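One is the number of the first residue; the rest follow in order along the sequence. The model shown is predicted, which means the values in this text are computed figures rather than measured ones.
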Amino acid sequence: MTIEEIWNKSLSKIEQKVDGTAFDLWFKPIKTISLKDQTVTLEIPNRFFKEWIEDAYPNVIKEALEAIVGHPVTLKYKIEEPQDLSLKKSSDRIENKRQRLANRGIYLNPRYTFENFVPGVSNQLAHAAAMAVAESPGKIYNPLYIYGGAGLGKTHLMNAVGNLVLEKKHDFSILYVPTDQLITEIVTALRYDKMAELKDKYRNLDLLLIDDVQFIRGEKTQDELFHTFNSLYEKQKQIVISCDRSPREINDITDRLRSRFTMGLIVDIQPPDIETKIAIIHKKAEMMNIRKLPEDVVHLLASRIKSNIRELEGSLMRIAAQAALTGEEITLETTKKVLKDIIHDERRPVTVDAVIKAVSEFYNLKPSEIKVKRRTKDLVLARHTIMYVAKQVTESSLSDIGKACGGKDHATVIYACKQVDERRAKDETFNRMIENLLQKIKH
């Protein structure tokens, strides 16, 4: 196959993994230059592409290319536009640090530090706890369990802990691992009789950072994580865990593993208020070297992008990338044009489909899963939440809400709302989660 054919097939795979807007903006403009000695060189329009792809989609391109060519590849980027010398030096420093860490088997993101994390009312406890852990790993708040919705800064804080510890303690053995990667490693070790090697890798760490633990599945996987946890804890080695929900809300995990998650400090991150979002936008703009960002654009982004910080940052990247490509200044009108798919008319009524999308995203489900007839705990809870929230914020009838949730009748919707009301009265964490969903969807 030619390099063009390889890239076109890789693009098809990428398109299946990311949403259409992200694919059109960040991936379609990429061009291939060469494939030599297992190194693929890609040409991208400007530095915004490189930074956003590396931070938001770190493995998507690599995995797609490897699936097509059938062997590991290394990615290199060539930036099409002339680069500001100081920005290029800064970018090169970060890339060199990333590579040095990778050579040691440490896959931390060097961009995620405490210096560029914006604390606010919604995340101040999590920020303070993470800082305390980074200053005295293994001595305080062990394990540290951080939970909250997608894109609110959990991964940033975890990487910040790792980067600060590494800065202070160069000889520390550190591992940052997403849960899906941990599962793959355990399954592979079991299959090829390499559990001794895996245990040696995980049980001799000074700092273990496990991201998105809500995806933990399987008896063997949980058993190995339980024993690894015990081994590190007994040696006073630091464990940091992130999740999209509190330990008691994770379904399908063993009680003994759940009890380990609750042994230290549990902190949550809530969606940021508008003041924090404005501070985040200014901080990100400074990091991106966006010199002219009108205040009306800042307030539009802060007030109209509701979901999470990741989407806020992505939107800022989009308008900056567009300005860099076209040479146009960033204005309120150009911002509305570039972000027309996510900044809608505020007067538009909320629909049941919009509720399904928002709640599905919160529970890490696909909207299509809500309509299937399976009755797992996750699906039932998500459906009940959707029915409850839809009743509160839409003008749809109970029958229409039930139909949208897989053909349920109005009696099922009434029952679901009653169940949610009862749980809200008994469970303060769940109550706050519902409140946050209601606020997010209403605004």
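There is a side-chain donor-acceptor pair under 3.5 Å between D200 and N204. A donor-acceptor contact closer than 3.5 angstrom links the side chains of E224 and T228. A side-chain donor-acceptor contact under 3.5 Å links Y388 and D421. In the model, T184 has no side-chain atom that pairs as donor or acceptor with a side-chain atom of Q181 under 3.5 Å. For the 3.5 Å distance criterion, the side chains of R260 and Y233 fail to qualify, holding no donor opposite an acceptor.
Annotation: cation-pi geometry satisfied between R423 and F430 (NZ/CZ under 6.0 angstrom from ring centroid, within 45° of ring axis). Annotation: cation-pi geometry satisfied between R256 and F226 (NZ/CZ under 6.0 angstrom from ring centroid, within 45° of ring axis).
Between the side chain of D244 and the main chain of V213, no donor-acceptor pair closer than 3.5 Å is present. A donor-acceptor contact shorter than 3.5 Å links the side chain of Q238 to the backbone of G138. Between the side chain of Q124 and the main chain of P119, no donor-acceptor pair closer than 3.5 Å is present. Checking side-chain atoms of N163 against main-chain N and O of Y112 turns up a donor-acceptor pair under 3.5 Å.
K403 has no carboxylate O lying under 4.0 Å from a charged side-chain N of D409, or vice versa, which leaves the two without a salt bridge. The residues D378 and R245 are annotated as salt-bridged, a charged nitrogen and a carboxylate oxygen being separated by less than 4.0 angstrom.
Within 6.0 Å of CD on E422 lie more than 12 heavy atoms contributed by other residues, nucleotides or ligands. Environment of NE2 in H227: crowded, with over 12 heavy atoms of neighbouring residues, nucleotides or ligands closer than 6.0 Å. Applying the 6.0 Å contact sphere to NZ of K284 captures more than 12 heavy atoms from other residues, nucleotides or ligands. At most 12 heavy atoms of other shown residues, nucleotides or ligands fall within 6.0 angstrom of atom OH in Y141. The environment of CD in Q236 is sparse: at most 12 heavy-atom neighbours from other residues, nucleotides or ligands sit within 6.0 Å.
The aromatic rings of H127 and F117 lie parallel to each other, with less than 30° between the two planes, well short of the 60° mark.
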Could you go through E185 and K201, starting from their C-alpha distance and side-chain angles, then the distance that decides it, and tell me whether this counts as salt bridge (Lys or Arg N to Asp or Glu O under 4.0 Å)?
CA-CA 11 Å; E185 288 188 44; K201 173 183 175 179; 2.8 Å; yes
What's the verdict on salt bridge (Lys or Arg N to Asp or Glu O under 4.0 Å) for K154 and D212, showing C-alpha distance, side-chain angles and the deciding distance?
CA-CA 9 Å; K154 302 186 300 296; D212 287 327; 5.1 Å; no
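Residues I414 and M387 form no side-chain contact, since every pair of their non-hydrogen atoms from C-beta on lies 4.5 Å or further apart.
The shortest heavy-atom contact between E369 and R383 is O-NH2, 4.1 Å. Scanning both residues, P272 and K277, for their nearest heavy atoms gives CG-CG, 3.5 Å.
Screening K168, K237, K235 for a salt bridge (charged side-chain N to carboxylate O under 4.0 Å, His left out) with D206, the sole residue that qualifies is K237.
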